[in-house]
Every structure is written in structure tokens, then in C-alpha cells.
Amino acid sequence: KQEVTQIPAALSVPEGENLVLNCSFTDSAIYNLQWFRQDPGKGLTSLLLIQSSQREQTSGRLNASLDKSSGRSTLYIAASQPGDSATYLCAANAGNMLTFGGGTRLMVKP
Amino acid sequence: EAGVAQSPRYKIIEKRQSVAFWCNPISGHATLYWYQQILGQGPKLLIQFQNNGVVDDSQLPKDRFSAERLKGVDSTLKIQPAKLEDSAVYLCASSLLASIELYSGANVLTFGAGSRLTVL
């Protein structure tokens, strides 16, 4: 059974800092890994999807990497802004099911 | 394009009462999902439909939860009777691809805003 863990559970940083969110998964037989953003009272928004054959994906200030063999993914946020404050979730796709981590609550202070 | 619509947004009930949530996916999306998200945790899949058939309901507590997707469009999720531990946000999501195409890795789910349930 796939288990996905995210560390840290919460993070508070001053504006402008570069930061890294970590995601680990127990079963490396995944098709892809996705990072989502969740704002309070809102649904999930897909940020980046990394195929199992890829090492990383970039979108603007976001960069996600994937190391299947070690069961790890990281989300790098450059030059953080208060608008980045949200919960970030990773999800491993092992076929027809996404298994989510518990999320990292990010607060970026002005 | 309109997003995934869910209602009600909030519901407060007493334990042992029943509740129903409704989801209208994006037009043309073949696959529909219901997730349960308990406070502080990631979403957990309850049930997945492809058109009006069930693909996966292995994590649905069938003694109290039921779901249907008549005509392969809208879906309802019902809880009867509710327990305290059912307090959560119930998220509906839909995707364009049929479930088998999820193996291609290209599938992207669109989530609704969720229905927050509080059981007292």
C-alpha cells in the first residue's frame, strides 16, 4: 500500500526566501507525481506533474524534482511571496488512484 | 469553462442523522472522484466513477456511505447514519480521460471547492 509523507507539516518564512518542501513515497512503482496547492476553503489546484521518466518540471518560480529510486520529490519555491501562503500537497499516481501526503502549510510573512 | 460545482458548501448535522452532497463535474469529463479530507490530512479517495460505473470503491465505508452517478454526469454522496469521525471536507474531482488512460500519466484532475461537514 502506497504511503506518502510530507515534511515539514508547517513552515513559516519571511518574504523573499527560497524554500524546499519535501515529499516521500514508499512504493516507487508510480506513473507520475503531482504537486497541488490548496487555499483555505478552496479545492486543489494542480501546480506541476512529473512523469516517472522525468527528473524535474518547472513552472515560473516553482521547480519540482523526482527521484523514483529513492522515493522522493521536492518542490522548490524561489523568492517566496505572501501570495504563496497555502497548503501544498503532493500525490503519487500508481495507476488509477492518487495517494496524497498530509500537506505542508506554508506561511510567507511580508 | 465552468469548474466542478459542489453543494452544499457547509453542513452541520447531529450524529446519526443523514446528509447528501452533490457534485456536477466539468462537462464531458468521463471520470469522477469523491475524496474525504479530514482536517490536517491529505485527501483520501472514497470512490471513483467512469461514466456511470464504479471503478474503485475499496475505501468507501459501505455500511454508511453510498454514492451514485446516474446518467454518467452528476453524482451524489450520501452518509447515513453520520458519525463524529465523518467530520471532514468532501471533495469532488473530475478528469477528462477515462480511468484506464490514467496510466499514461497525463491525466489532470480538476477539484471542486468541497463540502465541509461538521457532525456534532
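Here is the naming used below: chain letters follow the sequence lines, and residue numbers restart at 1 for every chain.
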Exercise. So, do A:Ser46 and B:Leu109 sit near enough that their side-chain heavy atoms are less than 4.5 Å apart?
Worked result: no

Exercise. Can you list every salt bridge (charged side-chain N to carboxylate O under 4.0 Å, His left out) pair that touches residues 71-87 of chain A, not counting sequence neighbours?
Worked result: A:Arg61-A:Asp84

Exercise. A:Gly43 and B:Leu91: which non-hydrogen atoms are nearest, and at how many Å?
Worked result: CA-CD2, 4.4 Å

Exercise. When you look at CZ of B:Arg9, are more than 12 heavy atoms from neighbouring residues, nucleotides or ligands closer to it than 6.0 Å?
Worked result: yes

Seminar exercise, completed: Note: vs chain A, highest number of non-hydrogen pairs under 4.5 angstrom among B:Pro43, B:Gly114, B:Gly42 is B:Pro43

For this session: Answer yes or no: does atom NZ of B:Lys62 have more than 12 heavy-atom neighbours from other residues, nucleotides or ligands under 6.0 Å?
Result: yes

Problem set entry | Contact origin within A:Gln38 toward chain B - heavy atom pairs under 4.5 Å | side chain

For this session: Would you name the heavy atoms of B:Tyr35 and A:Leu98 that are closest together and state the gap between them?
Result: OH-CB, 3.7 Å

For this session: Below 4.5 Å from any heavy atom of chain A, which atoms of B:Gln37 appear? Answer side chain, backbone, both or neither.
Result: side chain

For this session: Starting from A:Val20, walk the hydrophobic network (Ile, Leu, Val, Met, Phe, Trp, Tyr; side-chain heavy atoms closer than 4.5 Å) and list everyone else you reach, by chain and number.
Result: A:Tyr76

For this session: Inspect the surroundings of NZ in A:Lys68 and state if more than 12 heavy atoms from other residues, nucleotides or ligands are less than 6.0 Å away.
Result: yes

Exercise. Are B:Phe21 and B:Val119 joined in one hydrophobic group, where the rule is that I, L, V, M, F, W and Y side chains link up if heavy atoms are under 4.5 Å apart?
Worked result: yes

Seminar exercise, completed: When the 4.5 angstrom heavy-atom criterion is applied to A:Leu89 and chain B, the contacting part is side chain

